[in-house]
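Computed from a predicted structure; not experimentally measured. First the proteins, then the strands, lettered A, B, ... as listed; each starts at 1. Quick note: numbers below take in every heavy atom, side chains included, and nothing from hydrogens, waters or symmetry partners.
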There are 2 protein chains.
Amino acid sequence: MNTMQVLKAMANETRMEILTLLLRHNYCVRALANELDFSEATISQHLKILREAGLLIGEKRGYFMHYDVEKTALIELAREIEALAGIEREGCHPKLRSDCPVELKPSCHKKGTCDEETIEFCHGKEADRE
Amino acid sequence: MNTMQVLKAMANETRMEILTLLLRHNYCVRALANELDFSEATISQHLKILREAGLLIGEKRGYFMHYDVEKTALIELAREIEALAGIEREGCHPKLRSDCPVELKPSCHKKGTCDEETIEFCHGKEADRE
DNA sequence: TATTTAATTAGGTCAATACTTAATTAAATG
DNA sequence: CATTTAATTAAGTATTGACCTAATTAAATA
């Protein structure tokens with residue numbers, strides 16, 4: 001799953017409404033257009049974005065296209081976001097950051113506690129700083 | 001929580017990178033700008049969007065602003081997305097939709113199975129249809 | 001209390017996104 | 001196999017979003 005693509009697909013009011021409508025009811029494209037008061041072309045374009053993100057699968061029934069929400073994609077997204085919340089602060093342990101110039105940074109960002117090299121690491125070269 | 005606002009805040013590569021950086025390390029604004037190779041102004045604007053969505057809280061330490069990720073917001077978002085996945089299809093039960101014109105729609109969208117009123121409900125007025 | 005300094009906001013540019021209508025496509029049906 | 005019809009794609013426009021530099025703000029410190 002491309003998390004970014006899924007988030008972008010969901011980060012739009014109309015597409016979220018399409019998702020919730022399709023979760024509850026089996027609308028065709030025109031019915032969605034009627035419900036949401038947009039042109040069929042607009043809805044079709046939104047459906048494409050949702051489909052390409054893996055949030056919908058389409059099926060043709062008679063003349064009509066019907067879309068189903070791929071619930072596993074939603075669950076996977078929820079897991080990914082939970083995983084983010086599970087990330088722990090590393091503090092400033094140089095062991096975990098091979099590019100960290102200091103051995104220990106006990107009270108950084110109190111003026112005077114960091115040497116020039118540390119300040120450069122955290123805030124850039126002196127020339128760019130003022 | 002405003003789910004839409006949180007999704008919009010997260011649906012951007014730079015902001016997601018900011019989030020993951022801040023989950024792991026206590027960067028100030030300039031350090032984030034250095035890591036991500038954007039101007040401080042740009043990072044500040046992204047931080048504002050994340051803050052207003054409730055994904056960050058800021059704290060001033062000495063001269064520096066430090067932001068922490070509001071993990072509860074992430075967990076809440078994950079729950080909301082899971083809740084979406086939990087929504088069940090209503091089929092087409094007129095009892096659940098007071099505006100549904102039919103008593104039962106057993107095999108709708110097979111030509112001829114819906115009367116004119118049903119078709120109008122699903123697909124709009126005849127005049128708008130051709 | 002004047003100065004220093006990081007962060008933010010203002011103002012402007014360019015690219016991406018969300019719409020529209022019109023044209024096209026592709027599948028179902030007579 | 002020609003016709004019908006829903007959906008999609010194309011083309012164009014207007015809005016929104018992401019970036020920049022420059023100006024401003026507000027807090028810490030001398």
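Considering only side-chain N and O atoms, Lys48(A) lies under 4.0 angstrom from the phosphate OP1 or OP2 of dT9(D). Proximity of Tyr67(A) to the phosphate of dT8(D): a side-chain N or O atom is located under 4.0 Å from OP1 or OP2.
Proximity note for Arg30(A) (side chain, C-beta onward) versus dA7(C), dA7(D), dA10(D): the nearest is dA7(D). In the set dA7(D), dT8(C), dA7(C), dA7(D) carries the atom at the smallest distance from any side-chain atom of Ser44(A).
Summarising the geometry, the separation between CE on Met65(A) and P on dA26(C) is reported as 14 Å, rounded to the nearest angstrom. If you take CD of Glu52(B) and C1' of dT9(C), they are 12 Å apart, rounded to a whole angstrom. Taking atom CD on Glu40(A) and atom C1' on dT21(C), their separation rounds to 12 Å, with Å as the unit. For the pair Glu13(B) CD and dA15(C) P, the interatomic distance rounds to 17 Å; values are reported in whole Å. Residue Phe64(A) contributes atom CZ, which lies 12 Å from atom P of dA28(C) at whole-angstrom precision. Residue Ile18(B) contributes atom CD1, which lies 11 Å from atom P of dT8(C) at whole-angstrom precision.
Between the side chain of Glu82(B) and the backbone N or O of Ala78(A), no donor-acceptor pair lies under 3.5 Å. Side chain of Gln5(B) to backbone of Glu52(B): a donor-acceptor contact under 3.5 angstrom is found. Side-chain atoms of Lys71(B) do not come within 3.5 Å of backbone N or O of Leu23(B) as any donor-acceptor pair.
Residues meeting the salt bridge (Lys or Arg N to Asp or Glu O under 4.0 Å) test with Arg51(B), sequence neighbours left out: none.
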Nucleotide N/O of nucleotides 16-19 of chain D paired with protein N/O under 3.5 Å:
from	atom 1	to	atom 2	distance (Å)
dA18(D)	OP1	Asn12(B)	ND2	2.9
dA18(D)	OP1	Arg15(B)	NH2	3.2
dA18(D)	OP2	Arg15(B)	NH1	3.4
dC19(D)	OP2	His46(B)	NE2	2.3

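The only member of Glu70(A), Met16(A), Arg15(A) that meets side-chain contact (heavy atoms from CB on, under 4.5 Å) when paired with Leu50(A) is Arg15(A).
Between Glu76(B) and Arg79(B) there is no salt bridge, since none of the side-chain N atoms of the basic residue sits less than 4.0 Å from a carboxylate O of the acidic one.
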